[in-house]
Protein chains: 2
Amino acid sequence: MPVQKVTKVEVVKQALFLFKKQGYHRTSMSDLAVACGLLKGSFYHYFSSKDALMLEVLETVHQYFATRVFSIAYDETFPPRERLEKMIAKQIYVAASTEGGCLMGNMAIETALVTQEFLPKMREFFEEYLRALAHLYSSKFEPTIAQKLAEQAIVEYEGAWIMVKLTQNNQFLHDVHQHALERFDA
Amino acid sequence: MPVQKVTKVEVVKQALFLFKKQGYHRTSMSDLAVACGLLKGSFYHYFSSKDALMLEVLETVHQYFATRVFSIAYDETFPPRERLEKMIAKQIYVAASTEGGCLMGNMAIETALVTQEFLPKMREFFEEYLRALAHLYSSKFEPTIAQKLAEQAIVEYEGAWIMVKLTQNNQFLHDVHQHALERFDA
DNA sequence: GTCTATAAAACGATAGAC
DNA sequence: GTCTATCGTTTTATAGAC
């Protein structure tokens, strides 16, 4: 059958969904194939390996956040504080739209000390995230201070997801959002 | 005469070491057996399953922190701020003594949405952690404020480990320590 | 006939359990 | 050590679109 049952984009989307919820090692090629309506053998016409698929997922997530979330920080049609508010709201909204929180944070915890393969893409993501927040904070603070405030916001954001997973209480995300703004107003 | 090659305590210790570094799903029973100098078969003399072993590890970690770390919060031979300083220093020191950061945070990310088996023990740990910090902050702040400050400290602590894993820069832990004290002094 | 996305089967390796 | 199941991966064959 030369008619594709799913597109490559759809495969990446399903993989993101499963990797976020179940993690990398717990998600099997069979899980991924079934989610796409394929047999696991057929799956290799889309990706050469599980690693390659994960790299593509990480790249896709990075691109999405760069163009749709982090970009808000540089949109000069709004004042910095409003950009900060929009960007954080979007970040939380996007991550919370499917189960599992932040894929980048999850993969950092699960794979950083086991393989170096995913590290570069994860680091790029967080560097860009950091740059966006620091850019906003630097409209009111010294560069070194702005950098620290940005780091603090990211650290809080990632930590909040751990507590949300444990307690199933989204309040932690709201608090993080609030703190990021209070940090700006201080 | 069948002589135990290693004690149960030693097995738990090795399991903690590997689970922290490699995660639950990535660590095999073979890995664990080798680390203990046992054959795979001998391993089930100590634990009935991988799950049961993880539960024992979580319980051991909980007990250790309850008696050696969280207890500092209630030691009235020191003033609250000093207790806070000691407790956070100890928390970081203990977690940083072996690779992998905070087992409880790691397992929350890796398993919370896959199995409910480990949730109760992880929740107990964080409740006790929260109680200890809130107790200290409540020496200066209203209970509801103290609770929020405690939550913030834990969220930051867990998030910091993600950034440490990514950047291999322990500065994030130092900053968390500092913020926890600044929060007290505010 | 050729191309290609699929199903089907099977590979070696390794998982957890006994 | 041995078991069975399943892992990630590869191979083979088939079926439909050009």
Side-chain angles (χ1 to χ4, degrees), chain A residues 1-59 103 106-107 110-111 113-118 121, chain B residues 2-6 8 10-59 100 103 106-107 110-111 113-118 121:
Chain A
M1 264 186 284
V3 177
Q4 278 196 169
K5 294 179 88 170
V6 291
T7 63
K8 194 166 177 177
V9 170
E10 182 64 19
V11 169
V12 170
K13 195 175 162 185
Q14 293 295 334
L16 167 58
F17 183 82
L18 283 172
F19 283 147
K20 264 187 67 168
K21 185 180 178 186
Q22 308 189 359
Y24 180 71
H25 295 107
R26 174 63 195 253
T27 301
S28 69
M29 294 303 272
S30 179
D31 289 340
L32 293 161
V34 167
C36 297
L38 297 167
L39 295 180
K40 65 173 179 171
S42 314
F43 204 80
Y44 283 81
H45 270 265
Y46 293 85
F47 294 95
S48 60
S49 69
K50 193 181 178 184
D51 292 9
L53 171 57
M54 175 53 96
L55 284 173
E56 183 91 9
V57 170
L58 292 175
E59 181 62 27
L103 178 78
N106 296 355
M107 287 304 108
E110 192 184 344
T111 71
L113 277 78
V114 168
T115 171
Q116 296 186 20
E117 197 171 6
F118 308 134
K121 292 213 184 287
Chain B
V3 178
Q4 273 196 161
K5 291 184 75 175
V6 291
K8 196 166 177 177
E10 183 63 21
V11 169
V12 169
K13 193 175 164 186
Q14 293 296 332
L16 167 59
F17 182 83
L18 283 172
F19 284 146
K20 265 186 68 168
K21 184 180 179 185
Q22 309 191 11
Y24 181 69
H25 295 107
R26 175 62 196 251
T27 301
S28 69
M29 295 301 275
S30 179
D31 289 339
L32 293 161
V34 168
C36 296
L38 295 169
L39 296 175
K40 284 205 316 179
S42 319
F43 205 81
Y44 283 82
H45 169 71
Y46 295 86
F47 294 97
S48 59
S49 70
K50 193 181 178 185
D51 294 9
L53 170 57
M54 176 53 96
L55 283 173
E56 183 89 9
V57 170
L58 292 175
E59 180 62 27
L103 178 78
N106 296 355
M107 288 303 108
E110 192 184 344
T111 71
L113 274 68
V114 167
T115 173
Q116 297 186 18
E117 197 173 3
F118 308 133
K121 291 212 185 286

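Order of the sequence lines fixes the chain letters, A, B, ..., with proteins taken first and strands second; residue numbering starts at 1 for each chain. Keep in mind that the numbers below use all heavy atoms, side chains included, and drop hydrogens, waters and symmetry copies.
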*Output all residues satisfying salt bridge (Lys or Arg N to Asp or Glu O under 4.0 Å) with B/Lys20, sequence neighbours left out; order by chain, then residue number.*
none
*Does a distance-only test, which skips hydrogens and angles, find a donor-acceptor pair under 3.5 Å between the side chain of A/His45 and the base of C/dT6?*
yes
*Could you walk me through whether A/Leu32 and A/Gln14 pass side chain to side chain contact (heavy atoms under 4.5 Å, CB included), step by step?*
CA-CA 7 Å; A/Leu32 293 161; A/Gln14 293 295 334; 5.9 Å; no
*Heavy-atom donor-acceptor pair, A/Tyr46 side chain to A/Thr7 backbone, under 3.5 Å*: no
*With a 4.0 Å cut-off on heavy atoms, is B/Phe43 in touch with a base, just the backbone sugar-phosphate, or nothing at all?*
nothing
*Check the angle between the aromatic planes of A/Phe118 and A/Tyr24 and answer parallel, tilted or perpendicular using the 30° and 60° thresholds.*
perpendicular
*asked:* One character per nucleotide, please: for nucleotides 9-18 of chain C, 5' to 3', B when the base has a protein heavy atom closer than 4.0 Å, S when only the sugar-phosphate does, - otherwise.
replied: -B----SBBB
*asked:* Test of understanding: with salt bridge (Lys or Arg N to Asp or Glu O under 4.0 Å), list the residues that count as partners of B/Lys50, not counting sequence neighbours.
replied: none
*asked:* For A/Met107, is there any backbone N or O sitting under 3.5 Å from a side-chain donor or acceptor partner on A/Thr111?
replied: yes
*Using a heavy-atom cut-off of under 4.0 Å over every strand shown, decide if B/Leu39 touches base, sugar-phosphate, or nothing.*
nothing
*To the nearest angstrom, how far is A/Gln4 atom CD from C/dA5 atom P?*
6 Å
